[in-house]
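Residue numbers begin at 1 in each chain, while the letters A, B, ... track the order of the sequences.
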Number of protein chains: 2
Amino acid sequence: MATPKIEEFTNEEIFLADIAKALSHPARIKIMKLLSEMNACVCGEIVNLLPLAQATVSQHLKELKRVELIQGDIDGPKVCYCVNVNTLQKITKDFQNYFNNLNKGEKISCKPKMK
Amino acid sequence: MATPKIEEFTNEEIFLADIAKALSHPARIKIMKLLSEMNACVCGEIVNLLPLAQATVSQHLKELKRVELIQGDIDGPKVCYCVNVNTLQKITKDFQNYFNNLNKGEKISCKPKMK
DNA sequence: ATCGTTCATCGTAAATATACGATAAAGAAA
DNA sequence: TTTCTTTATCGTATATTTACGATGAACGAT
């Protein structure tokens, strides 16, 4: 046993996984797209653009807010959502980095007889 | 109700979400990193580099295999895993595209008085 | 043939995620 | 005020995920 069993994940690994989790549902992928196309959008409009009930969409918005990918601005009885530009730029950079590093490997694949 | 309720998600939305799901756990983020750094790696080595039991790691490897981010080559009693370069290149491009489009918006944030 | 190693799968427990109707809260409109 | 609209939250059902020990299958070594 040359390599000692590792004890924890790094903060970076946890962070990237958490962002990936926030984007791991088609509804949330779409909400991000919608908000960036429309710059901002009230909740009700988003609900109409998704094949889901209002309560469910509200949950998905909450998950995106959790990682600060979006923010909501209360506007009378409505809530206007928009992309959080700071977070978006950070994760864009972080994932570009991550993918770039993944692509750096020598790409010597094992024999391709897949299990 | 100007916008008719949408019925389904697009294949692209489903695909991106599915890849994000495959990367939504620190162990799987790390496995991809390890495999790309080492080019290839037998399962047992991966188990030693993660704070998880062998059965659990095997499950995570299965999830990465499901979306074809990695492949396994049976080598006697061992299994040698490596990154699937084709898939990696595809998703790198797809996510770069997705993030680029997200960043294209006019970035007029709603008033930042958050909920 | 038997044994040890390696890894996937099974069984299972606990936690988390997804979905929706119902309700509550908050403001606009009457 | 009363009512309507909008949205978050509650309650709840179901499904999926995560984790691990135990077992089984495949192979190399003895």
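- Closest contact between the side chain of B:L61 and the listed nucleotides C:dA22, D:dT6, C:dA8 involves C:dA8.
- In this structure, a donor-acceptor pair under 3.5 Å is absent between the side chains of A:S36 and B:N101.
- Regarding A:K30, its NZ atom lies at a distance of 17 Å from the P atom of C:dT18, rounded to whole Å.
- Among the heavy atoms of the strands lying under 4.0 Å from A:V42 are primed sugar atoms or P, OP1, OP2 only; no base atom is included.
- Ion pairing between A:E12 and B:K33 holds under the 4.0 Å rule for side-chain N and carboxylate O.
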message: So if I define the base as every atom that isn't primed, P, OP1 or OP2, how would nucleotides 10-21 of chain D read as a B/S/- string at a heavy-atom cutoff under 4.0 Å?
response: -------SSBBB
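- Nearer the 5' end of DNA chain C, as judged by each residue's closest nucleotide, is the contact made by B:K78, out of A:G76 and B:K78.
- Judged by distance alone, with hydrogens and angles left aside, the side-chain atoms of A:T92 form a donor-acceptor pair with the main-chain N or O of A:L88 at under 3.5 Å.
- Between A:D75 atom CG and D:dT6 atom C1' there is a gap of 11 Å when expressed in whole angstrom units.
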message: Expected output check: what is the dot-bracket annotation of DNA chain C, where ( ) and [ ] are pairs inside the strand (brackets for crossing ones), | is paired with another strand, and pairs are Watson-Crick or G-U under 3.5 Å?
response: ||||||||||||||||||||||||||||||
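- Relative ring orientation between B:F9 and A:H25 is described as perpendicular, the plane-to-plane angle rising above 60° on a 0-90° scale split at 30° and 60°.
- Checking the phosphate oxygens (OP1, OP2) of D:dA8, a side-chain nitrogen or oxygen of A:Y81 falls inside 4.0 Å.
- Other residues, nucleotides and ligands contribute more than 12 heavy atoms inside 6.0 Å of the CD atom of A:E13.
- Ring geometry, B:F95 versus B:F99: the interplanar angle falls from 30° to 60°, so the pair is classed tilted.
- For the pair B:Y98 and A:R28, the tightest heavy-atom approach, listed with the atom from each and the gap, is OH-O, 4.2 Å.
- Between the CD1 atom of A:I31 and the C1' atom of C:dT18 there is a distance of 13 Å, given to the nearest Å.
- Of the options A:V83, A:I91, A:N84, A:L35, a side-chain contact (heavy atoms from CB on, under 4.5 Å) to A:L69 is made by A:I91 and by none of the others.
- One can place CD1 of A:I74 at 11 Å from C1' of C:dA25, the figure rounded to the nearest angstrom.
- Qualifying salt bridge (charged side-chain N to carboxylate O under 4.0 Å, His left out) partners for A:K62, counting only residues two or more places apart in sequence or in other chains: none.
- When the P atom of D:dC27 is taken as reference, atom CG of B:D73 falls 13 Å away, rounded to whole Å.
- Atom CD of B:Q54 and atom C1' of D:dT23 are 11 Å apart (whole Å).
- Here the C1' atom of nucleotide C:dA19 and the CD atom of B:E8 are 17 Å apart, to the nearest Å.
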